[in-house]
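A short write-up of the structure that comes next.
Just so you know, these numbers come straight off a predicted model, no measurement behind them. The residues of the chain are indexed from 1 along the displayed sequence. We use all heavy atoms of the structure for the numbers below, so side chains are in, but hydrogens, waters and symmetry mates are not.
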Amino acid sequence: MIYMSETQTASLITHEFAYSAVKEALVAAISNEVTLFPVVNASGPQTGSMFSLKSASTSTLVGWKTGTYWPNNHLQNKPCHGTTVFLLSPETGELIAAVASSKVNAYRTAAADAVAVDYLARDDASVLTVFGTGHQAEYEILAISAIRNISRVIVVGRSKTKTDKFIGRLTEKGVSAEAGEAQYGCAQADIIVTATTASEPLFKAHWVKPGTHISAMGADKVGKHELPVELYQHATLFCDYKSQSVVIGEFQHTTNAPITEIGEVITAHSLGRASAEDITVFDSSGIAVQDLFVAARLLELIQ
């Protein structure tokens, strides 16, 4: 069995690498070659702790991703988030690889939203508003900046202290960022990304201007909720995998709204943005085939 450590995988992953693997996975997800299984969400003994199992299989890849969140780990100077991808032999079912992927998972998650931005945002979109100042938000900004010319980043956070620190980190990386309230951020944005753990909408639907693209990644279990449902009445909806999105993703809050999987847009089987005035919404609930594709490509680099 092969084991790739966190040190190994963190040194190999890049936004370009993740974008390529995740884009391929999103296309594969709409084919008959991939089977995606229901997500298992569970919790540990520590208050607020949780872990999930996301699994998938193809003719050449079989396995699952385990993601963990233990909120008190910071008291021991340990990461609160952890991810490992396990790959089985399609022929025998034997465990053939364990790939530590905590940092990789942040890149992979951001890559899915970057793919959606690439295919759904207006060509001239340059102002990015991000809701959230936590673990994932920085990766989202850098992944989108890698594929689009972003002139401004507006950060909407609940805590001024955390927001200021976050903007400081972005500035050090050469990102032009500023703090803003939710309504201001929506009014200015060409692209909105929500990267929070919210259980109620972060902004009002009428604050979003025509032509905006929204990528929402915070909803990954029942009850999570970042976007106002009123938005769906005059927006075009897309997701990574519909069967999962409507159960644990942002679109669990829709009722019979038409939803297109982004793989259909990538392959030109379905229309993405129809006009410059469209509001497009992408829900990234996070699918296991993305993790398998990224892990398999990382293994190729060491073999």
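- Sparse packing is recorded around NZ of Lys173, with 12 or fewer heavy atoms of other residues, nucleotides or ligands lying under 6.0 Å away.
- Side-chain contact check for Val175 versus Leu142: some heavy-atom pair is nearer than 4.5 Å.
- In this structure, the separation between CD1 on Ile167 and OG1 on Thr163 is 6.5 Å, given to the nearest 0.5 Å.
- With a 4.5 Å cut-off on side-chain heavy atoms, Ser89 and Ile96 count as touching.
- Classification of the Tyr69-His81 ring pair by plane angle, with boundaries at 30° and 60°, yields tilted.
- In plain terms, the two heavy atoms of Pro71 and Thr47 that are nearest each other are CG-O, 3.4 Å.
- Phe131 and Phe203 have their aromatic ring centers within a separation under 6.0 angstrom.
- Taken from OG1 in Thr129 to CD in Gln188, the straight-line distance is 7.5 Å, to the nearest 0.5 Å.
- Side-chain atoms of Ser55 do not come within 3.5 Å of backbone N or O of Phe37 as any donor-acceptor pair.
- For the pair Glu230 and Pro201, the minimum side-chain heavy-atom distance is 4.5 Å or more.
- What you find for Leu170 and Ala177 is that their closest heavy atoms are CD1-CB, 3.8 Å.
- The list of side chain to side chain donor-acceptor pair (under 3.5 Å) pairs with a residue in residues 281-296, not counting sequence neighbours, reads Lys65-Asp291, Arg108-Gln290, Arg108-Asp291, Asp240-Ser285, Gln244-Ser285, Ser245-Asp283.
- Minimum heavy-atom separation, Phe17 to Val294: CE2-O, 4.1 Å.
- If you take OG on Ser52 and CD1 on Ile248, they are separated by 8.0 Å, rounding to the nearest 0.5 Å.
- Residues Tyr184 and Val156 are not in side-chain contact: their nearest non-hydrogen atoms beyond the backbone lie 4.5 Å or more apart.
- Between His225 and Val229 the shortest heavy-atom distance is NE2-CG1, 3.9 Å.
- At distances below 3.5 Å, at least one donor-acceptor pair connects side-chain atoms of Asp190 with backbone N or O atoms of Ser126.
- Legend: residues meeting ring pair (Phe, Tyr, Trp, His ring centres under 6.0 Å) with Tyr107, ordered by chain and number and at least two apart, are His15, Tyr139.
- At distances below 3.5 Å, at least one donor-acceptor pair connects side-chain atoms of Glu226 with backbone N or O atoms of Thr196.
- Within the 4.5 Å cutoff, the side chain of Leu299 has heavy atoms near those of the Met4 side chain.
- Here the side chains of Val104 and Val85 are not in contact, with every heavy-atom distance at 4.5 Å or above.
- Remark: Gln46 CD is packed, more than 12 non-hydrogen atoms of other residues, nucleotides or ligands lying under 6.0 Å away.
- Side-chain polar atoms of Thr92 and Glu94 form a donor-acceptor pair below 3.5 angstrom.
- Applying the 6.0 Å contact sphere to CZ of Arg169 captures more than 12 heavy atoms from other residues, nucleotides or ligands.
- For the atom pair CG of Leu26 and CD of Glu264, the computed distance is 11.5 Å after rounding to the nearest 0.5 Å.
- Rounding to the nearest 0.5 Å gives a distance of 10.0 Å between OG of Ser11 and CD of Glu6.
- Contact detail for Leu227 and Ala216: the closest heavy-atom pair is CD1-CB, 3.9 Å.
- Gln183 has its side chain out of reach of Lys204: every pair of non-hydrogen atoms, C-beta onward, lies at least 4.5 Å apart.
- A pairwise comparison of heavy atoms in Val99 and Ala295 identifies CG2-CB, 4.1 Å as the closest pair.
- One N or O on the side chain of His253 and one on the backbone of Lys224 form a donor-acceptor pair closer than 3.5 Å.
- Side chains of Asp118 and Arg148 form a contact here, defined as non-hydrogen atoms less than 4.5 Å apart.
- The distance from atom CZ of Arg152 to atom CG of Leu128, rounded to the nearest 0.5 Å, is 11.0 Å.
- Only one option out of Thr260, Ile262, Val265 pairs with Phe282 in a side chain to side chain contact (heavy atoms under 4.5 Å, CB included); it is Ile262.
- Under the 3.5 Å distance criterion, with hydrogens and angles disregarded, no donor-acceptor pair is assigned to the side chains of Glu277 and Ser275.
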